[in-house]
2 protein chains.
Amino acid sequence: MSSSKQLHLTAFMRPVSLHTGAWRYPGAYPDANFNLKHLKSFIQALEAAKFDAFFMADHLAVLNMPVEALKRSHTVTSFEPFTLLSALSQVTERIGLAATASTTYDEPYHIARRFASLDHLSEGRAAWNIVTTGNPESSKNFGLDEHVQHSERYKRAREFYDVVTGLWDSFADDAFVRDPESGIYVDPEKIHTLNHKGDDLKVKGPLNIARPVQGWPVIVQAGQSEPGRQLAAETAEVVFCSPRDLEASKLLYDDIKGRTKAAGRNPDHIKILPAAMVLISDSVEEAQQKRLKLDSLVHYDSAISSLSISLGTDASKFDPDGPLPPEEALPATNASHTSRASVIKLAETEGLTVRQLAGRYGGYAGLAFVGTAETVADEMEQWLEEGASDGFTVTLPFLPEGLDAVTQKLVPELQRRGLFRKEYEGTTLREHLGLPRPGNRFFEKEVSNAVNGGSRTLAMNGKRDLDVDDDLPEVKKRKAQS
Amino acid sequence: MSSSKQLHLTAFMRPVSLHTGAWRYPGAYPDANFNLKHLKSFIQALEAAKFDAFFMADHLAVLNMPVEALKRSHTVTSFEPFTLLSALSQVTERIGLAATASTTYDEPYHIARRFASLDHLSEGRAAWNIVTTGNPESSKNFGLDEHVQHSERYKRAREFYDVVTGLWDSFADDAFVRDPESGIYVDPEKIHTLNHKGDDLKVKGPLNIARPVQGWPVIVQAGQSEPGRQLAAETAEVVFCSPRDLEASKLLYDDIKGRTKAAGRNPDHIKILPAAMVLISDSVEEAQQKRLKLDSLVHYDSAISSLSISLGTDASKFDPDGPLPPEEALPATNASHTSRASVIKLAETEGLTVRQLAGRYGGYAGLAFVGTAETVADEMEQWLEEGASDGFTVTLPFLPEGLDAVTQKLVPELQRRGLFRKEYEGTTLREHLGLPRPGNRFFEKEVSNAVNGGSRTLAMNGKRDLDVDDDLPEVKKRKAQS
């Protein structure tokens, strides 16, 4: 098979891994949270494999978990993403650097400034993952007794985005004259004072930093809930979503691309990259065995409580080493039937014991590609071809082995099929992703393509970047079929 | 001369220089604000000269200045300090990394986390310059119409410090077990939840990062105003002050060391490092000529308004190229008589024209050591010997020339006299400065030396670090003389 379409791949990371058992996996680096040497080796391997970006997950609190789970968790602590990515910018040259930052518990002036600075330091490789912070524990670290409500968080996030991007446009790209002879350093006509006054935010500006190398750092958004999808459609350039399978991803893909078009933007300029755990080995069976081994490293006490939540009943009463009791033998539940059904389906499909199911739910039970380089490349190609994604937000089951398997086995197979770059073609993350450099809304009036009250400027080089009459081929096809 | 006492030297930087005319000086890098290559060369030169720390100044706004001054200013924009220092941590190995961060316009959880992260990334080289942010323009970038009042800012700063240091102590130094066999990652008995509820701040904790390498990053404070001096005495380990001359510095030194002792701390554990511009050349006259040349690069329009403020009268009415009119010919003023007197003294001492005076006040009119390596080393030695300082916060008049003159001429002379290290003896900034690693207030109860309601813990290794019955020798001597 071959394809003219290209995958985009980012690696979504916690230093040790996102899987809670990973720090105990043979060869793992349990101290990677605070050992920069390991993080350097990870990002350099991803850059050698030509990944689009290295994407650091984040929390604003030690997660609220029972002490039995807390004491076994490697996800409690880590480097702070901005300081980490700034450091890593100096040991890499091309790979993008994506950081999560909260619109609920931070100030737009700070956020705008740090991402702009990271973009300058990295010569155009920064991306901002806009999050509203779902973890209720965070509020207590920022002076509040209660978590800010979901709808209020999304309302503030939308305004926050307008302010941050407005601050990035404080200086025209050619504002700095720096002529020692005349003594003119900056052209005051090319500085814009934002004077934003909105429902949630009041910010004067200008930002005290030159316009970022990329114009704006790339905007990433998770976009799963209703307001999250809408925020993504209006603002995001990369969507980091979590569909459970191919069909669910197609629906999400169409929905977000459609909303993007409805918001007056070019759907090509939003890349949908579902999160998937990728586990590669030399045979499918071996890969599955590694997954079971990994899941088994999640302690049973915390694993069984995760399974109980998904089943809507106390699973600790079942025989750990026996099969899941048949559906009719499970007590009735008021919890999610979809969730219970997917546990039952998984138990059947993979023939898992209660203990194994617990390990899966206590570790990582989301979308996963587990197999050989060939079988996983087949799956990825199918997703790309069928319009379920523009690539993937790859999570790694365990490191360094799981990372090396992806970069040394899967990536060459994708390259052989023409699905993934063999060399970076550009220098900035926008260039890797095929995204335009945004024009400056305050200084390039003729080329602006304003959306939502003039807050969104996507055009560049004097050309509108959106032909609103065109559907994407996949969207057209599915519309015709339905 | 030789001395058993040792100077501590930090370099207080804006990327191009603190002097407003510096970007026009021959050989300068006017684009250093956003050109990391230059910053790398500066910090590497300072590290080769064994400086204690590289110290980045900061603003939270484009300074409010008339457009005539704004368009000539290189101080308007620059990298953000955290991202910059994190990047520079990867191109250096030993030099300390000090960043300014505001207690008025940021959150203690963020500040604690970033400095802890920088300390981990740099393997123990971070320092926090606590500022309350004096620039009224900043408030408008953070949702406020009016700047927070001075006394309120200092009250919050004191509480903020307690919260940040408390968050740094969230984990015992040996909290992380990371035993793959038993599956125990962290000992929950060694995690402390702060639960701070004060007048200005409410922060639950724990911080989601391991205790910093240095225990706490080094605390720096400016300490000039009355509440500033008190805050420094209670919290600072390095004081970055701006006395106008030797005698003023002795008074400040005694005052802050005395307040430190009164606060129950060891005065040896607070280093007083006055800020001084250091300009070295091959002869004193040549150095003075370079200073005049530098001052002349400040545009007359902005320079004369600075002089007018210092004189308390409109200096633009005087002949720019004539001498300052005699004191009796100046109109009466309600402004500071001290300030006017120092202008008159400067005009007499250096025989400056009105234009030259304007350049001095528009550029940099604070404490300066201008001369050869020998004459400046003499001055620094005198300050050290007479108990006016423990070293200096060096500002550079122009770069790279002014930096090279300090590292290649002054530093070797100081080393020859035994006043400055030839090699780093330790690896952390605390070790460079001769400061103890703070004990953890929550997990080392027996060794704590609590001050101010238990919020300050200075002792380490089971020994109290303060003998409150002893005065410093210089303080004793001056007390006896007075």
Side-chain angles (χ1 to χ4, degrees), chain A residues 23-24 28 30-31 33-34 36 59-62 67 70-74 76-80 82-84 86-87 89-91 105-107 109-110 113-114 116-118 120-121 137 140-143 171 176 178 180 183-188 191 201-206 208-210 297 299, chain B residues 23-24 28 30-31 33-34 36 59-62 67 70-74 76-80 82-84 86-87 89-91 105-107 109-110 113-114 116-118 120-121 137 140-143 171 176 178 180 183-188 191 201-206 208-210 297 299:
Chain A
W23 69 276
R24 300 176 68 192
D31 68 342
N33 309 50
F34 299 109
L36 191 63
H59 303 298
L60 289 178
V62 170
V67 73
L70 177 66
K71 73 183 184 189
R72 301 178 187 286
S73 172
H74 64 79
V76 167
T77 56
S78 70
F79 294 115
E80 181 275 338
F82 266 101
T83 47
L84 174 62
S86 302
S89 74
Q90 299 309 299
V91 298
Y105 301 113
D106 213 327
E107 294 281 344
Y109 201 86
H110 288 316
R113 197 171 170 225
R114 281 189 205 108
S117 191
L118 180 60
H120 282 287
L121 286 167
E137 280 302 293
K140 302 189 179 76
N141 291 328
F142 297 94
F171 291 84
F176 292 94
R178 299 191 187 106
I184 304 300
Y185 193 82
V186 57
D187 180 351
I191 307 178
L201 300 165
K202 194 158 65 170
V203 181
K204 186 178 175 197
N208 56 356
I209 191 162
L297 296 173
H299 195 271
Chain B
W23 70 276
R24 301 175 69 192
D31 68 342
N33 309 51
F34 300 109
L36 191 64
H59 302 298
L60 289 177
V62 170
V67 73
L70 177 66
K71 74 183 184 189
R72 300 176 189 285
S73 173
H74 66 79
V76 167
T77 57
S78 70
F79 293 117
E80 181 275 338
F82 266 100
T83 47
L84 175 63
S86 302
S89 74
Q90 299 308 300
V91 298
Y105 300 112
D106 212 328
E107 294 281 345
Y109 201 87
H110 288 317
R113 199 172 169 223
R114 279 186 208 111
S117 191
L118 180 60
H120 282 287
L121 287 166
E137 280 301 293
K140 302 190 179 73
N141 291 328
F142 296 93
F171 290 84
F176 291 93
R178 298 189 188 107
I184 305 299
Y185 193 83
V186 58
D187 180 352
I191 308 178
L201 300 166
K202 194 159 63 171
V203 181
K204 185 177 175 200
N208 56 355
I209 190 163
L297 296 173
H299 194 272

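FYI, side chains are in, hydrogens and waters are out, and symmetry mates aren't considered; it's all heavy atoms of this structure. Lettering follows sequence order; numbering is per chain, from 1.
Contacts between B:H299 and chain A at a heavy-atom distance below 4.5 Å are absent for every atom of the residue. Interface remark: A:H120 contributes backbone and side-chain atoms alike to the contact with chain B (heavy atom separation under 4.5 Å). Heavy-atom distances place the side chain of A:Q90, and not its backbone, under 4.5 Å from chain B. Looking at B:I191, only its side chain comes within 4.5 Å of chain A, counting heavy atoms on both sides.
With rounding to the nearest 0.5 Å, the separation of CD1 in B:I184 from CZ in A:R24 is 8.5 Å. In this structure, NE2 in B:H110 is found 8.0 Å from NE2 in A:H110, a value given to the nearest 0.5 Å. Taking CD from B:E107 and CG from A:N141, the interatomic distance works out to 10.0 Å, rounded to the nearest 0.5 Å. Rounded to the nearest 0.5 angstrom, A:F34 CZ and B:I209 CD1 are separated by 4.5 Å. Atom CZ of residue B:F79 and atom CZ of residue A:R114 lie 16.0 Å apart, to the nearest 0.5 angstrom. Here B:L201 contributes atom CG and A:F142 contributes atom CZ; the two are 12.0 Å apart, rounded to the nearest 0.5 Å.
Of all the listed residues (B:L84, B:L297, B:D106), the one sharing the greatest number of non-hydrogen pairs under 4.5 Å with chain A is B:D106. With respect to chain A, the highest number of heavy-atom pairs below 4.5 Å among B:P188, B:A116, B:S86 belongs to B:S86. Heavy-atom pairs under 4.5 Å with chain A peak, among B:L70, B:V62, B:V203, B:L118, at B:V62. Each of A:G205, A:A28, A:S89 has some count of heavy-atom pairs under 4.5 Å with chain B, and the biggest count is that of A:G205.
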- [ ] Go through the steps for A:R178 and B:D31 under the test side chain to side chain contact (heavy atoms under 4.5 Å, CB included), then give the verdict.
- [x] CA-CA 7 Å; A:R178 299 191 187 106; B:D31 68 342; 3.8 Å; yes

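Considering only heavy atoms from C-beta on, A:V76 stays 4.5 Å or farther from B:F176 through its side chain. The side-chain heavy atoms of B:P180 and A:W23, taken from C-beta on, include a pair separated by under 4.5 Å. A heavy-atom distance below 4.5 Å is found between the side chains of B:E137 and A:K204.
Residues passing the side-chain hydrogen bond (donor to acceptor under 3.5 Å, both in side chains) test with B:S117, sequence neighbours excluded: A:T83. Residues passing the side-chain hydrogen bond (donor to acceptor under 3.5 Å, both in side chains) test with B:R113, sequence neighbours excluded: A:D58, B:N208.
Minimum heavy-atom separation, B:A87 to A:L121: CB-CD2, 4.0 Å. Closest approach of A:N33 to B:Y185, counting heavy atoms only: OD1-OH, 2.9 Å.
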